[in-house]
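A quick write-up on the structure given underneath.
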Amino acid sequence: MKLIKYLFIAFVATAMVSCGDDEPKNTYTRDFTMIYPQFAPGHKQISKIEQEDTKGNKIVATASYDGEHLKSVNVSTKYSTGGGNEETITFDYKNGAIICDKSIQDVTYAIEVNLLGAFTRLKDVTTERIILSLQYSYDNELEVAQTSSDFTKTTWTSGKLMNWATTTANKKDSVAYEYGDGAPLNKGGIDVVGNESFTFTKFVCAIMRNAGYFGATSAYLPTVIKKDIDHSNSEADPNAPVQLKRYNITYTFDNDGYVKRYTTNETPKYTVTYTYR
C-alpha cells in the first residue's frame, strides 16, 4: 500500500510540473501605457492562417482577441514525416510584455512602442538583453530591424514594400518584389509573401503585422517574389551580377476584395489560406 501511495504522489507531482511548463509565465510587472495602432477603414483582423505544401506539411496559426486587440497567437506545425511543434504567444498590454510559451524555452519580452503603436524594442526581461530594435519612417514603414546577430534593411516605394535584405556574420539574404500593372490593393492589411521574420516564427510575425505591431503593411500585394540565387547565368559568365529566381504569386479574393488564399510556384508548392474575424 505504501508503494502505491508513493507512486501516486510522484505521479501528481510530475503532472503538476508538466502543466506548469505548458502555461505562459506572466510574472513581469511594470508601469506601462500601451498605444494601440489605428487603421484605415476596410482593415480586417486575421483569426487564422493555414499553410499546406505539396509534401503534406501543415502550419496553422490561430489568433484570439480581447475586444479589438490581439490577445494571443497559437502556432501548430505538423510534418508529413511525423512530429511537429507548437508555441503560444500572449500579449500583456497592462505591463507591456509578450509572454512566449515555446516547446524549446519559455521567455518574456518587454516591449516599447512608438506614437503609432508599432514595436520599437523587445527586451528579454530575464537577461536584460535587447533582443530586437526597430526603426520606422515618418509613414510608419519599417526601415531597419536589428538583433544581436542580424541587420535587416527594407526599401519602400509609394507605400509598397520593394525589398528587404538581411546581413549576418556568415551570410546575406534578400527578397525583392514586383507589383506589375494593376497590382491588387491590400485591403485586409495582410503580410506580403516571404517577408522577413523577427524573433518570432513567420506566421506570428504575419499576425503581428496585421495587428500593426511592425508598422504599416504594404499598400498593394506583389505579384512576383524574387529570392534564392539563380546560378544559371553565373555558369556561363562568372562575372555576371547575382540574379534572384522569380516566383509568381497567385491570389484568390472574396467578393469584397479581401485575400482568401495565395499560392506560389516555389518548390515545394504551397498554399496559404486566410480567415478573418
Side-chain angles (χ1 to χ4, degrees), residues 34-40 42-51 59-65 68-75 87 89-91 93 98 100 109 111-122 131-137 139-147 150 152-156 159-166 175-177 179 183-222 225 249 251 258-262 272-277:
M34 180 64 187
I35 300 173
Y36 295 102
Q38 302 297 313
F39 302 100
H43 179 270
K44 277 193 175 184
Q45 294 172 318
I46 293 171
S47 60
K48 184 183 290 185
I49 306 176
E50 300 169 89
Q51 174 180 304
I59 305 172
V60 178
T62 305
S64 66
Y65 293 82
E68 294 301 311
H69 308 308
L70 183 62
K71 181 180 179 181
S72 65
V73 181
N74 175 268
V75 180
E87 63 177 319
I89 310 299
T90 305
F91 298 85
Y93 298 111
I98 300 175
C100 307
Y109 299 117
I111 63 172
E112 301 295 341
V113 298
N114 64 16
L115 294 177
L116 296 174
F119 294 158
T120 57
R121 190 173 71 173
L122 271 66
I131 301 301
L132 176 65
S133 297
L134 304 137
Q135 299 175 25
Y136 301 85
S137 70
D139 295 319
N140 207 31
E141 295 167 345
L142 180 64
E143 293 184 322
V144 173
Q146 187 168 8
T147 70
D150 301 348
T152 300
K153 185 173 178 58
T154 67
T155 302
W156 299 72
K160 295 178 286 191
L161 177 62
M162 302 307 297
N163 62 65
W164 59 260
T166 296
V175 165
Y177 299 97
Y179 290 81
L185 187 67
N186 189 8
K187 290 185 66 176
I190 68 171
D191 198 10
V192 296
V193 180
N195 206 353
E196 178 68 301
S197 301
F198 308 115
T199 305
F200 308 98
T201 54
K202 70 174 185 177
F203 284 148
V204 173
C205 287
I207 292 174
M208 284 186 180
R209 283 192 171 97
N210 174 258
Y213 295 143
F214 287 138
T217 52
S218 181
Y220 292 86
L221 297 168
I225 179 173
I249 309 168
Y251 301 94
Y258 294 91
V259 175
K260 292 172 59 178
R261 68 183 64 87
Y262 70 77
V272 175
T273 304
Y274 290 88
T275 303
Y276 303 93
R277 295 183 72 190

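Keep in mind the model is a prediction, meaning the values are calculated, not measured. The first residue in the sequence is number 1, and the count goes up from there.
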Exercise for review: Locate the shortest heavy-atom distance separating Glu87 from Ile89; write the atom from each residue and the value.
Suggested key: OE1-CD1, 3.8 Å
**Study point:** Pairwise distance CD1(Ile98) to OG1(Thr90) - rounded to 0.5 angstrom
**Key:** 10.0 Å
Check your understanding: Is there a side-chain contact between Trp164 and Leu142, using heavy atoms and a 4.5 Å cut-off?
Key -> no
**Study point:** Those residues that, when tested against Thr62, pass side-chain hydrogen bond (donor to acceptor under 3.5 Å, both in side chains) (two or more places apart)
**Key:** none
Review point. Should the heavy atoms of other residues, nucleotides or ligands under 6.0 Å from NZ of Lys153 be counted, would the total exceed 12?
Key: no
Check your understanding: Just checking, is any N or O donor in the side chain of Thr275 or Ser47 under 3.5 Å from an acceptor N or O on the other one?
Key -> no
Point to revise | Euclidean distance, Glu50 CD relative to Ile59 CD1, rounded to 0.5 Å | key: 11.5 Å
**Study point:** Contact list for residues 196-218, test salt bridge (Lys or Arg N to Asp or Glu O under 4.0 Å), sequence neighbours left out
**Key:** Asp191-Arg209
**Study point:** Distance, nearest 0.5 Å, that separates CG of Leu132 from OG1 of Thr147
**Key:** 7.0 Å
Exercise for review: Classify the angle between the aromatic ring planes of Tyr36 and Tyr93 as parallel (below 30°), tilted (30 to 60°) or perpendicular (above 60°).
Suggested key: perpendicular
Check your understanding: How far does CG of Leu185 sit from NZ of Lys187, to the nearest 0.5 angstrom?
Key -> 7.5 Å
Exercise for review: For residues Phe91 and His69, determine if any side-chain heavy atom of one lies less than 4.5 Å from a side-chain heavy atom of the other.
Suggested key: no
Exercise for review: Only counting residues at least two apart or in another chain, list the ones meeting side-chain contact (heavy atoms from CB on, under 4.5 Å) with Lys160.
Suggested key: Met162, Tyr179, Ser218, Tyr220
Study note, to complete from the structure: With sequence neighbours left out, the residues meeting side-chain contact (heavy atoms from CB on, under 4.5 Å) with Phe39 are Pro37, His43
Point to revise | Where Ala145 and Leu134 come nearest, the two heavy atoms and their spacing | key: CB-CD2, 3.7 Å
Revision key, fill the gap. Correct closest heavy-atom pair for Ile49 and Phe203 would be CG2-CE2, 3.7 Å
Check your understanding: Sequence neighbours excluded, which residues qualify as side-chain contact (heavy atoms from CB on, under 4.5 Å) partners of Ala176?
Key -> Asn163, Lys226
Point to revise | Shortest non-hydrogen contact from Asn210 toward Ile190 | key: ND2-N, 4.4 Å
Practice item. Return the set of residues passing side-chain contact (heavy atoms from CB on, under 4.5 Å) with Asn114 (not counting sequence neighbours), or none when no residue passes. Key: Leu116, Ala118, Thr120, Tyr136, Asn140
Review point. Do the side chains of Pro222 and Tyr251 get nearer than 4.5 Å, heavy atoms only?
Key: yes
Review point. At their closest point, which heavy atom of Ile225 faces which heavy atom of Gly194, and how far apart are they?
Key: CD1-CA, 3.9 Å
Review point. Would you say the side chain of Leu122 lies within less than 4.5 Å of the side chain of Phe200, judging by non-hydrogen atoms?
Key: yes
Exercise for review: Looking only at non-hydrogen atoms, find the nearest pair between Val192 and Tyr177 and report the distance.
Suggested key: CG2-OH, 3.6 Å
Point to revise | From CD1 (Ile111) to CZ (Phe119), nearest 0.5 Å | key: 4.0 Å
Check your understanding: Does Tyr258 have its ring centroid less than 6.0 Å away from the ring centroid of Tyr274?
Key -> no
**Study point:** Check: Thr199 and Tyr109 side chains under 4.5 Å, non-hydrogen atoms
**Key:** yes
